[in-house]
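Structure record follows, encoded as structure tokens.
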Protein chains: 2
Amino acid sequence: MSERKFNSTNTLNEFFLEERCTLNKVLKIIGKRWVSEVLVLIKQDVSRFSNLKECLDGISDNVLSSVLNELVKSKLIGKEIFNQVPLKVEYHITPSGLALTNVLHQLCDWGKEHIAYETRMKPTFARKDGKD
Amino acid sequence: MSERKFNSTNTLNEFFLEERCTLNKVLKIIGKRWVSEVLVLIKQDVSRFSNLKECLDGISDNVLSSVLNELVKSKLIGKEIFNQVPLKVEYHITPSGLALTNVLHQLCDWGKEHIAYETRMKPTFARKDGKD
DNA sequence: ACTCATACTCCTTTTTTTATTAGTAACTCA
DNA sequence: TGAGTTACTAATAAAAAAAGGAGTATGAGT
């Protein structure tokens, strides 16, 4: 993580919005790539780092790790460490996280109803891993 | 806007997520800074460019402009141009946009219940405009 | 002694997002 | 003629997010 510059307009604007409405704080948390997916997978009992990684084809270790840390910090998931070898760690959704997934579900339903299907530009070549 | 590189992992991952669930498309639209604020203001009948700018202290012309364009493109708001001088343009929420604000409202309620109040780091110096 | 596995962290580079600055048209009013 | 208005766009710079690649601890198995 690089340092934040606290006096940039960028940061001031972020503060302005978060102060203005909680909605902006919420969107700041869940608006980042992978976050909602990870949350939903954990809700569905995909509870280990390696399993999450399998499900989220293309995510890198470091990104998954930081997403998990953010979710723990926001108390949307809990982390349980088992002292055994090889190391085992499990993540579980919290009541707060569960409540959030319900709203996210509605957001998704809105999308299904209102976002027009459009022929999206597709990547020209296949993924490195051959899928897609 | 600079060109997208369609074969970067970055872009492939974005496609992966959007294909996986509509939720990611939705979050891609509303997860960006200012977007939800602008949508809500327009819902509250703040319908002109200059009025929106007044409300959103710190936003720059070009950013507001691109947020409005995105919202129009996503059909969350409509744009009406009056041919008079000085030029007048009005934005109005669409039924689809209205439905979205209802879900956003719930998201906000979730935040109010579940996001802990924390003493946020405050910018060291005041805004250029002297507010805050 | 060496390799393996899990679940990470750290540092660097790439890509995207957000902001800054300057400029436009078209017509009005002084 | 020249300044003022609204609602922009375009080019560029700064900041943040995302990805790439290497490295770590702990024992257990061979």
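In the text below, chain A, chain B and the rest are named by the order of the sequence lines, each starting its count at 1. Any value given below was found using the heavy atoms of this structure, including those in side chains, with hydrogens, waters and symmetry copies removed.
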**Prompt:** Is it the case that Lys79(B) places NZ or CZ above or below the six-membered ring of Tyr91(B), under 6.0 angstrom from the centre and within 45 degrees of the axis?
**Reply:** no

Has [X] got a side-chain N or O lying under 4.0 Å from the OP1 or OP2 atom of [N]?
X        : N       : value
Lys28(B) : dT17(C) : yes
Trp34(A) : dA19(D) : yes
Thr9(B)  : dA18(D) : no
Ser50(A) : dT6(C)  : no
Thr11(B) : dT16(C) : yes
Asn13(B) : dA18(D) : no
Ser65(B) : dC8(D)  : no
Arg48(B) : dA7(D)  : yes
Arg33(B) : dA19(C) : yes

**Prompt:** Any link between Leu23(B) and Leu17(B) through a network of hydrophobic side chains (Ile, Leu, Val, Met, Phe, Trp, Tyr) touching at under 4.5 Å?
**Reply:**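 The answer is yes; both residues are in one hydrophobic cluster.
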
**Prompt:** Atom NZ in Lys32(B), atom CD1 in Ile30(B): separation rounded to 0.5 Å?
**Reply:**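 Here the rounded value is 12.0 Å.
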
So [X], base contact, sugar-phosphate only, or nothing? Heavy-atom distance under 4.0 Å.
X        : value
Asn69(B) : sugar-phosphate
Val89(B) : sugar-phosphate
Asn10(A) : sugar-phosphate
Tyr91(B) : sugar-phosphate
Lys79(B) : sugar-phosphate

**Asked** Got a salt bridge between Glu18(A) and Arg20(A), using NZ or NE/NH1/NH2 to carboxylate O under 4.0 Å?
**Response** no

**Message:** I'd like to know if Arg33(A) and Glu14(B) make a salt bridge, using a cut-off of under 4.0 Å between side-chain N and carboxylate O.
**Reply:** yes

**Complete:** Heavy-atom nearest nucleotide on DNA chain D taken for Pro86(A) and for Leu68(B); more 5' hit belongs to Leu68(B)

In whole Å, what is the span from the [atom1] atom of [X] to the [atom2] atom of [N]?
X        : N       : atom1 : atom2 : value
Lys32(A) : dT17(C) : NZ    : P     : 14 Å
Lys88(B) : dC8(D)  : NZ    : P     : 13 Å
Leu27(A) : dA17(D) : CG    : P     : 14 Å
Phe15(A) : dA19(C) : CZ    : P     : 13 Å
Leu64(B) : dT9(D)  : CG    : P     : 10 Å
Glu14(A) : dA14(D) : CD    : C1'   : 15 Å
Leu56(B) : dA19(C) : CG    : P     : 11 Å
Leu87(B) : dG4(D)  : CG    : C1'   : 15 Å

**Message:** Can you tell me which nucleotide in dC8(C), dA16(D), dA19(D) comes closest to the side chain of Ser8(A)?
**Reply:**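 The nucleotide sitting nearest to the side chain is dA16(D).
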
**Asked** Between dC8(D), dC8(C), dT28(C), which one does the side chain of Asp61(A) approach most closely?
**Response** dC8(C)

**Prompt:** Taking for each residue the nucleotide of DNA chain C bearing the nearest heavy atom, is the 5' side occupied by Asn62(A) or by Val85(B)?
**Reply:**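 Looking at DNA chain C, the more 5' nearest nucleotide goes with Asn62(A).
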
**Item:** Atom NE2 of His105(A) with >12 non-hydrogen neighbours under 6.0 angstrom
**Value:** no

